[in-house]
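Notes follow the structure.
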Amino acid sequence: MNVAPSGKKSGRAWLLDSGEDFSMLDDVEDDVDDDLPPLEDAGGGKKKDSPAKDATKADAVADRTSSTELEEWLDVLGNGQLRKKVVEAGAGPDSRPQRGQNVTIHLKTTLTDGTVVEELPNVSFTLGDGDVLQVLDLTVQLMEMSEKALIEAGAKYAYGALGSSTPAVPPDADLILEVQLLSAEDAPDLELMPPSERISLANRKRERGNIHYQRTDYAFAINSYGIALQITEATSRVDISQQEEEELLDMKVKCLNNMAAAQLKLDHYEAALRSCVSVLAHQPDNVKALFRKGKVLALQGEYAEAIKTLKRALKLEPSNKTIHAELSKLVKKHSDQKGAEQAMYKKMLGNPTNASVQKHRAKSSWSLSWKWLFGATAVAIGGVALSVVIAARN
């Protein structure tokens, strides 16, 4: 099980308990997104239930379980999918860990048929950061220090529909976990953390986000990228070299890019656009950010601006076939849109060509009638004059 410990930061908010909209995030980086996905892949990702809702339910359970009796099953979320039973009592309610603390547990995981999946004597993670299975984030916060508990978790809160290759868990498998809480302590202060450790910590959070992204858990991916961003942006009260500052900035850009991809999957176009703009503020020639910005603009119907952005990306990478293909599709869409708009305008205003022809014909007809009348009058006057002359001679 991959876990990523965290650092402490004042005022930090967790997706699991905030329910916030993902307003600051970006796209998936090198190890997840080496090939730029097509424009059509920009949205429509399967949306999971909000983790904030489950965390809120877990908070409510924590408030009412201060006197949990041994051998009594607790329905943590009230849906029958996550149940906890105390096997050995702990040190009391006041010893329960808080979100944001680094905790260590002993963990044994089995399938419902008794098959042992894994047994790990020391698993350390930051509670509430999404570093581990959701079942652990939701139940360890309910445990007392030294408590041993048995936990039944539906697949939704474990490895889900995809299952896992390492450890080996079939798709849609329910799990039984034996957990003992060994320790809980405050995370180190990010401002006092050596820059090299801060870079490493941010990278672990980013990698955890990549795992969530690959499993299509986009909300959790955004949460992990957001935590990594907070780590890179923390003020440092220790000496930091220029190289370390550059590494932190590079990590920040990667997280923003990764977030944009996850936000696009959830159709959070405005958030994704802000993420791309943030990347470009630091790296104006970042091709991935330009590509995704173009995708967002296209999805918002801003075809002219999207084409301009993609052309800029193509200029930076002329051999990129993906950008070539998407730009061609977008140019065609823009052309079709302009044609449809022109047809609509003609329909609204009538057919100016036909009206002009009819007006010209009417004018020509009037001109012909006037000329005929003038000619006839002249002939009549000429006839009268001739008659007068003849009469005078006679």
Side-chain angles (χ1 to χ4, degrees), residues 1 3-20 51-109 119-153 157-158 175-193 201 205 223 227 230-231:
M1 178 180 295
V3 296
S6 178
K8 179 180 180 181
K9 183 176 179 181
S10 176
R12 178 168 164 182
W14 285 268
L15 172 64
L16 289 174
D17 65 339
S18 69
E20 67 186 53
K53 294 181 181 178
D54 292 336
T56 302
K57 291 180 182 178
D59 285 341
V61 169
D63 292 339
R64 69 173 186 264
T65 57
S66 57
S67 59
T68 301
E69 299 179 2
L70 296 179
E71 300 183 359
E72 179 183 351
W73 282 101
L74 174 68
D75 190 348
V76 176
L77 300 176
N79 61 5
Q81 293 295 304
L82 190 61
R83 303 201 307 155
K84 172 182 175 289
K85 181 172 74 171
V86 178
V87 176
E88 184 176 316
D94 292 340
S95 66
R96 287 175 180 162
Q98 303 297 313
R99 281 194 289 274
Q101 287 188 314
N102 289 342
V103 299
T104 301
I105 62 172
H106 179 280
L107 175 66
K108 181 180 180 180
T109 306
E119 184 165 5
L120 304 172
N122 292 284
V123 178
S124 297
F125 60 96
T126 303
L127 190 59
D129 272 12
D131 296 338
V132 290
L133 295 177
Q134 192 179 6
V135 54
L136 293 174
D137 260 333
L138 293 173
T139 57
V140 171
Q141 62 179 296
L142 306 178
M143 297 181 66
E144 301 170 0
M145 191 58 59
S146 301
E147 175 187 323
K148 290 182 180 179
L150 195 62
I151 300 168
E152 293 181 351
Y157 302 103
L175 298 179
I176 299 174
L177 292 77
E178 297 176 25
V179 181
Q180 182 177 22
L181 179 58
L182 302 177
S183 67
E185 59 184 13
D186 291 339
D189 192 331
L190 291 175
E191 294 183 350
L192 300 177
M193 185 179 290
L201 177 60
K205 297 296 184 181
N223 184 58
I227 294 171
Q230 291 177 337
I231 296 170

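Remember, predicted model here, so these are calculated numbers, not experimental data.
With a 4.5 Å cut-off on side-chain heavy atoms, Y157 and L133 do not count as touching. The shortest side-chain heavy-atom distance between I105 and L182 does not fall under the 4.5 Å cut-off.
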Exercise. Mind running side-chain contact (heavy atoms from CB on, under 4.5 Å) on L107 and L136 for me, showing each step along the way?
Key: CA-CA 10 Å; L107 175 66; L136 293 174; 4.1 Å; yes
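In this structure, the separation between CG on L127 and CZ on R96 is 12.5 Å, given to the nearest 0.5 Å. To the nearest 0.5 Å, atoms CG (D129) and CG (D137) are separated by 7.5 Å. Atom-to-atom distance recorded for N102:CG and D186:CG is 8.5 Å, nearest 0.5 angstrom. Annotation: the span from R83 atom CZ to I176 atom CD1 amounts to 10.0 Å, rounded to 0.5 Å. One finds the CG atom of L175 at 11.0 Å from the CD1 atom of I151 (value rounded to the nearest 0.5 Å).
Qualifying side-chain contact (heavy atoms from CB on, under 4.5 Å) partners for S95, counting only residues two or more places apart in sequence or in other chains: A91, E144, M145. Residues passing the side-chain contact (heavy atoms from CB on, under 4.5 Å) test with A153 are L82, V135, L177, sequence neighbours excluded. Partners of E178 by side-chain contact (heavy atoms from CB on, under 4.5 Å), not counting sequence neighbours, listed by chain and number: K108, L150. Residues that satisfy the side-chain hydrogen bond (donor to acceptor under 3.5 Å, both in side chains) test with Q81, not counting sequence neighbours, are absent from this structure. A search for side-chain hydrogen bond (donor to acceptor under 3.5 Å, both in side chains) contacts involving S183 returns T104, not counting sequence neighbours. Not a single side-chain hydrogen bond (donor to acceptor under 3.5 Å, both in side chains) links Q180 to another residue, sequence neighbours left out.
Applying the 6.0 Å contact sphere to CD of E119 captures more than 12 heavy atoms from other residues, nucleotides or ligands.
In this structure, A184 and P97 approach most closely via the heavy-atom pair CB-CB, 3.8 Å. Closest heavy-atom contact between H106 and P121: CD2-CA, 3.4 Å. Listed here is the closest heavy atom pair of L201 and I231: CG-CD1, 3.6 Å.
Checked for salt-bridge contact, K84 and E147 meet the test: a charged N lies under 4.0 Å from a carboxylate O.
A donor-acceptor contact under 3.5 angstrom links the side chains of Q141 and R99, judged on distance only.
At least one donor-acceptor pair under 3.5 Å links the side chain of D75 to the backbone N or O of G80.
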